Amino acid sequence: MRIVNQAVPKVDSEALVTGKAVYTNDLAPSDCLIVKIIRSPHAHALIKDINTTRAEAVPGIECILTYKDCPDKRFTMAGQTYPEPSPYDRLILDQRMRFVGDAAAIVAGTSEEAVKKAMKLVKIKYEVLEPVLDFRKAKDNPILVHPEDNWKSLCPVGADNKRNLCAHEESGSGDIEAVLADCDYVIDRVYHTKANQQAMMETFRTYTYLDTYGRLNVVSSTQVPFHIRRILANALDIPKSKVRVIKPRIGGGFGAKQTSVSEVYPAIVTWKTGKPAKIIYTREESLIASSPRHEMEMHVRLGADKDGHIRGIDLHTLSNTGAFGEHGPTTVGLSGHKSIPLYGQAEAFRFTYDVVYTNVMSAGAYRGYGATQGIFAVESAVNELAQVLGMDPTVLREKNLVREGQIMPAYYGETAKSCALDRCLARAKEMIGWDEKYPYRDMGNGKVRGVGVAMAMQGSGISGVDTGSVAIKVNDDGFYSLMIGATDMGTGCDTILSQMAAECLDCDMKDIIVHGVDTDISPYDCGSYASSTTYVTGMAVVRTCETLIRKMCERGAEYLGCSVEDVEFDGKSVVNLKTGESISRKDIGNKVMCFNNEALSASEAFSSPTSPPPFMAGIAEVEIDKETGVVEMVDYAAVVDCGTVVNPSLARVQTEGGIAQGIGMALFEDVVYNAKGKNYSNSFMQYKIPSRLDVGTIRVEFESSYEPTGPFGAKSIGEIVINTPSPAISNAIQNAVGVIIRELPMTAEKVYRGMQEIDKRSE
């Protein structure tokens, strides 16, 4: 291939590195009203009275909105395809406060100084209620987070607000109890992952204005423009035709911006006042009132025979959705459906889950989307099984891992049509020098180094749901316009979709102008989430190019005066194969601008009944100070099977970045609440994310398979890369000092205490 599978620079690279004004706040007009939120100091409370009189008298204040000024119509902020699995449990402003940081009032004014002054003058009287803070005690608790009668769930996900239940499900195959009872060894463990913040560089931000026709125009840093249109229409109780959403460059999202965190607030201000408005979340707001990863507790039972053949897997996941149900019913499913299928020879499995409401910040989507938590639990259990068996954990995996051609258990009956997981594991072992370093090495200075392993899988879009589409038109002089609805959030999807189009159309990248998302103009795309863009929207590009080439051949044949069966398109010209006569793409583009009855353009969509998973093996090497328990990353070897690699440079940095985030989840990141539900992790001074100095050496290679249903054989890459660090690092600690940590993050204190307990037991 000429362009696909090549390290093409990002199409927007020059604008980004030269600091051009491309982000939301760069583009907002200077006369926007400044919008800020007054937030609840209580985890659970009712607003009894709000006095805004003094605040409204502050010069420059345009409006102060309370729950009395907002529609009493529930909606969800989850950016999902309609009907959303997430319950309709939100109001723009509510009388009931459900977490510390919940929105109590909206203040808008002509300057930030005026707004901040007015916020201090708004007096709110609360009736403080007892909160539900422990997610293990939330289900069927007499204290209800959502007692309201207009709460509703559009999909049958097992939700019941009168039980604090956002979702529940049971699935399985075979008699799991009988299989486990017949196993020689059964691992029975509980694992706990905390909430994690996406910590993208650009915080949540939106500006809004009314156009000449009285329509609400929304410019926002969002991953889901078309879903935002529906969410705002629902929230404001206005027709969807009255809303237009435009996405500029995004300074990172990682799933956080799959939730409509900021859009509703300036939108209602503009709709009420007719004036442009903007909201810029501070870093503190982005840490206390956003959409972090779901906290989960997973109970794993894993059964095997004495030779190490895994026969049964039983997983129960308890997920904490927090105050609202955004993504609660969907993230939890991946904790089992993206971990159990890694072991394709299991005779039986069972997967059950409960998702509960609590009075903490509501959770949302974060790269890996539930699979990260489930893979930590199941892969850690496999590593504990290896220890019980006295077996090398890589050998145990080689006996049991899913292989190409197998039906994957717990993966909706899908067959692994493309799977190089066995080669990924073998290559990762070579890269790290596993046979020489396993299980550990004493460095002779009070420090030991251990190695640990984990595998992962993800998906490529949501099967039977996600839809991508693009439009391509031929312009004068024959250059192309590629209009996409997919959302580039720094991942480079504008680039890889252009690469695919250039490959299909047999032209240069410079011949294609790519246009980002405007819901008035762009063809519909569900947005950038669920690792969908390369696979789903990529196939839409291939289909659209095929249609456009056919139309160009028809038009060229017409101009050449011959049958369409006699011509072919070579990227530059339509050629008559019988006579050798040709007409250039440039001439065709110019001719269709005159006396033409059919536009020379094409638009196609794609939705897949399957979601072919990418696979990955990751091996971590850590160094532990036996005096302090401090864990330092030394080396991380990662090998990924994402089918055909569309752009090796972008795929590599995606993988490196995901691994760094996974290391942060494993070793550092921790959302901490006090006894009253206040979030102490409200700045980067308290919430530690890894720097370049914290992640050691990260090395990435690819073992490509060929996915027959994907564009050029490609699968996804975006999410799988974050899934292996936590279990691999846990296994490395286990192999180095014998300490098994089942709760993230794996801090020095936990390692030290674990070593102390081992010493006590040995005395």
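Hydrogens, waters and symmetry mates play no part in the numbers below; they use all other heavy atoms, side chains included. Since we're looking at a predicted model, the values are computed, not measured.
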Looking at Asp641 and Lys715, does any basic side-chain N land under 4.0 Å from a carboxylate oxygen? yes
Arg427 charged N/C atom sitting above Phe615 aromatic ring, 6.0 Å / 45°: no
If we ignore angles and hydrogens, is there a donor and acceptor under 3.5 Å between the side chains of Tyr369 and Ser531? no
Charged N to carboxylate O under 4.0 angstrom, Arg403 versus Asp422? yes
Can you see whether Tyr366 engages Thr331 through a side-chain donor-acceptor pair at a distance of less than 3.5 angstrom? no
State, without any angle test, whether Asp759 and Ser762 hold a side-chain donor-acceptor pair at a distance under 3.5 Å. no
So, the side chain of His192 versus the backbone of Glu297: is there a donor-acceptor pair under 3.5 Å, distance only? no
Is Arg311 reaching over with its side chain to a backbone N or O of Asp182, donor-acceptor style, under 3.5 angstrom? yes
Salt bridge flag under 4.0 Å for residues Glu398 and Lys429: yes
For Phe99, which residues count as a ring pair (Phe, Tyr, Trp, His ring centres under 6.0 Å) partner, sequence neighbours excluded? none
Measure from the side-chain N and O atoms of Glu719 to the backbone N and O of Gly459, and report whether any donor-acceptor pair falls under 3.5 Å. no
Residues, nucleotides or ligands: over 12 heavy atoms within 6.0 Å of Arg753 CZ: no
Thinking salt bridges, do Glu379 and Arg397 make one under a 4.0 Å N-O criterion? yes
Got a sec: does the OH of Tyr438 have more than 12 other heavy atoms crowding it under 6.0 Å? yes
Restricting to pairs with a member in residues 643-696, which pass ring-ring contact (aromatic ring centres under 6.0 Å, His included), not counting sequence neighbours? none
Give a yes or no answer on whether the side chain of Tyr411 reaches the backbone of Ser611 with a donor-acceptor pair at less than 3.5 Å. yes
Between Gln373 and Ser335, is any side-chain donor less than 3.5 angstrom from a side-chain acceptor? no
Any donor-acceptor pair under 3.5 Å from Lys338 side chain to Gly370 backbone: no
Within the side chain of Ser380, is there an N or O that forms a donor-acceptor pair under 3.5 Å with the backbone of Pro727? no
Pro725 and side chain to side chain contact (heavy atoms under 4.5 Å, CB included): which single residue from Leu667, Thr372, Ile663, Val695 fits? Ile663
Would you say the side-chain atoms of Lys257 pair up with the backbone N or O of Ile250, donor to acceptor, closer than 3.5 Å? no
Side chains of Glu285 and Thr203: is there a donor and an acceptor less than 3.5 Å apart? no
Any donor-acceptor pair under 3.5 Å linking the side-chain atoms of Asn383 with those of Gln734? no
